[in-house]
2 protein chains.
Amino acid sequence: MHNIRKPPTMADVARRTGVSPMTVSRAFKRDSSVSQETREAVLSAAEELGYVFDSTASNLRSQRTDFIAVTIPSINNANFADTVRALSDHVSERGLQILLGYTNYDVAEEERLIEQLLRRKPEAIVVTGGKHTPRARKLLSNAGIPVIETWDLPEEPIGHVVGFSNALAVREMVDHFVSVGYRKIAFIGGDADRDTRGTDRRAGFIAALKDHGLDAPRLIAAGPPPISMREGANAMGQLLERFPDTEAVICVSDLSAFGALTECQRRGIAVPDRIAIGGFGDYEIGAISVPSLTTINAFASEIGAKTAELILDVLDGKLDRPGRVTIRPDLILRQTSR
Amino acid sequence: MHNIRKPPTMADVARRTGVSPMTVSRAFKRDSSVSQETREAVLSAAEELGYVFDSTASNLRSQRTDFIAVTIPSINNANFADTVRALSDHVSERGLQILLGYTNYDVAEEERLIEQLLRRKPEAIVVTGGKHTPRARKLLSNAGIPVIETWDLPEEPIGHVVGFSNALAVREMVDHFVSVGYRKIAFIGGDADRDTRGTDRRAGFIAALKDHGLDAPRLIAAGPPPISMREGANAMGQLLERFPDTEAVICVSDLSAFGALTECQRRGIAVPDRIAIGGFGDYEIGAISVPSLTTINAFASEIGAKTAELILDVLDGKLDRPGRVTIRPDLILRQTSR
DNA sequence: ACTTGGATTGGTAACGATAACATGGATGCC
DNA sequence: GGCATCCATGTTATCGTTACCAATCCAAGT
């Protein structure tokens, strides 16, 4: 027996409780001043009526949505997922909710997504990376809310930044590889410029080799991002055929590095004795695989946590100028390299 | 030079274009009847003013949010991510946007999340799994929107269902393992009942063994979910110590199966000659690892796609009674088993 | 010339909550 | 006791868009 009538509103709850709608509204907030007694009466009346608080009305009137908009390249990437989870955990304590979208590693898609997200009037917007279309930059600048760029250190930040230099992180690995004697070092990454962090990593690789007086002819393009295990395996196959004397390879992520490792295993090529492998991102697989992967920990969760902290500070008015949190990635040496 | 004035509204755009606000509203919709000329004039005036459409007002007045609420146990799980991505891709073509939350494998958390999501007035809500608190069930039933339970086949569905039987899927693997001669078969899964799909898989495992006249004493609890690679490796260690004569082990997911595999590799135990391993979920790692993992493909993306289809049909009024889409998981035999 | 009908545009009120201000009563302090 | 203060609650107007209905215009048909 289900009446098909309009769902109850605060006015209905108010009537039933014998108070004004305003009091009902207050009862549903955490901190507003309502007597304990009244609050309980209101809430139980609401429960009886099956009342569900209507955020849409609240959002319009109060000009607050308690949304934090977030864009990531892919929803299916453990690094970004870690960042989002940490971010979500921290801001949800304050009643803020993540509104997530993914760009598929495409700045045009990112622009569309940013526009769509801004229409929802979030309290702040977090974007992954520091490269955007001009219109996206403009939209973000004019949004009138805190903008946080992450996973990168843009030269001209739009607002706040919580990130690290992808190029420098890879350079650290190159430096180490050269210091232990590797000279013929290759890089496996995505095509062209879609994944801007991947592109930065490759650029860092080339620059680092150059500083050691080494050329970088061994660049393997593994296809359009996302570059995952399968692409890594294929790329390793190409590398072994085109440059069989390669001594070490740095991959754009642990996923491709693991794929590359398995290709070596399939071909009976000893890792690291015949070829060393380095990854990026400190994914769980790198710690567990046999042999375990040398990699770079970019502290994905910490990026999320720091971003949350920054957002809360800005919303509390505790920070009036653009914040810049620099994460220092860590080189983790494991079994796939010396 | 940044004026701190109120952001422009449709009224401002209307004034500048020399039309009524109503016409501006129409120009921002896809199909409304406005002349091409007028629409372009409105849109360019909007761009000049830096006008951003305000969904919050639209949502309230039109009583539509174009949100599809989705709950998943963990944001960091490739299976659920695949489902959400497919779902998102299909519904976004119709202007619908995913509003995602995660429950951390906890029904109490799920209840809180469902309540929070429903306040946002989504057009439909998709939940993972078929086990909920009584209050969560009630909230969903009374929400007045389509409810879709996924990744499970609940006995008493709340509304629509797009899923499969976790127990039957595992049974298929058990049947195969028995048919090729394994008898001493173990199961690695999470503690107790938090991950209800994991629990169903274990129950299916026990029931299947029983039907073959076999006992199931080899149940290894790998800790609270999520059970990932590390937990799988630890559990395999326990298994090898407590039941060294085990011939095969079925793991609650490919992640734990891979962890288990690596533990064998570390201990020099031959897979599958000394012990066979089966996983669940057909994660990429299972196809790439050496040896590759025998697993069950539950068609995560297809669940998302079918869910999207179902939602669109219901919203279009093409489906008036509860839909039930049953996915048939596929046993994939690879190198970790006969 | 006059009606008919489709296409385009406008006017008005309303969605359901809450910000801002007001009020009545209890409490505290000198 | 008198006045300031605080607490709990009420009143009114409003957030920005769009549903609903009305009006206008022009082309086509009789």
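In what follows, every chain begins at residue 1, and chains take the letters A, B, ... in the order their sequences are listed.
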Residues two or more places apart in sequence or in another chain: which of them pass side chain to side chain contact (heavy atoms under 4.5 Å, CB included) with Ala41(A)? Thr17(A)
Just the endpoints, please: which first and last nucleotides of DNA chain D, 5' to 3', lie under 4.0 Å from a heavy atom of chain B? dG16(D) to dC20(D)
Among all residues two or more places apart in sequence or in another chain, which pass the ring pair (Phe, Tyr, Trp, His ring centres under 6.0 Å) test with Tyr51(A)? Phe28(A)
Could you list by number each residue of residues 114-123 of chain B showing a heavy-atom separation from DNA chain C of less than 4.0 Å, or answer none if no residue does? none
Among residues at least two apart in sequence or on other chains, which ones pass side-chain hydrogen bond (donor to acceptor under 3.5 Å, both in side chains) with Glu302(B)? none
Across nucleotides 8-17 of chain C, 5' to 3', mark each nucleotide with B, S or - according to how protein heavy atoms within less than 4.0 Å reach it. BBBB-BBBBB
For Leu139(B) and Leu118(B), work out which heavy atoms get closest and say how close. O-CD1, 3.7 Å
Is Asp66(A) salt-bridged to Arg119(B), cutoff N-O under 4.0 Å? no
Applying salt bridge (Lys or Arg N to Asp or Glu O under 4.0 Å) to Glu111(B) and not counting sequence neighbours gives Arg135(B)
Qualifying residues under side chain to side chain contact (heavy atoms under 4.5 Å, CB included), relative to Thr9(B), sequence neighbours excluded: Ala11(B), Asp12(B)
Can you pull the ring pair (Phe, Tyr, Trp, His ring centres under 6.0 Å) pairs that have at least one residue in residues 81-129 of chain B, sequence neighbours excluded? none
Please answer whether the main-chain N or O of Ile303(B) pairs with a side-chain N or O of Thr83(B) as donor and acceptor at a distance below 3.5 Å. no
Quick one: bend of the helix from dA1(C)-dT30(D) to dC30(C)-dG1(D) from 5 pairs per end, to 10°? 30°
List the residues meeting side chain to side chain contact (heavy atoms under 4.5 Å, CB included) with Ser58(A), not counting sequence neighbours, and say none if there are none. Lys29(A), Phe53(A), Ser62(A)
Heavy-atom closest pair (Ala14(A) atom, Ser20(A) atom, distance to 0.1 Å) is CB-C, 3.7 Å
The complete set of ring pair (Phe, Tyr, Trp, His ring centres under 6.0 Å) pairs with one or both residues in residues 109-134 of chain A, sequence neighbours excluded, reads none
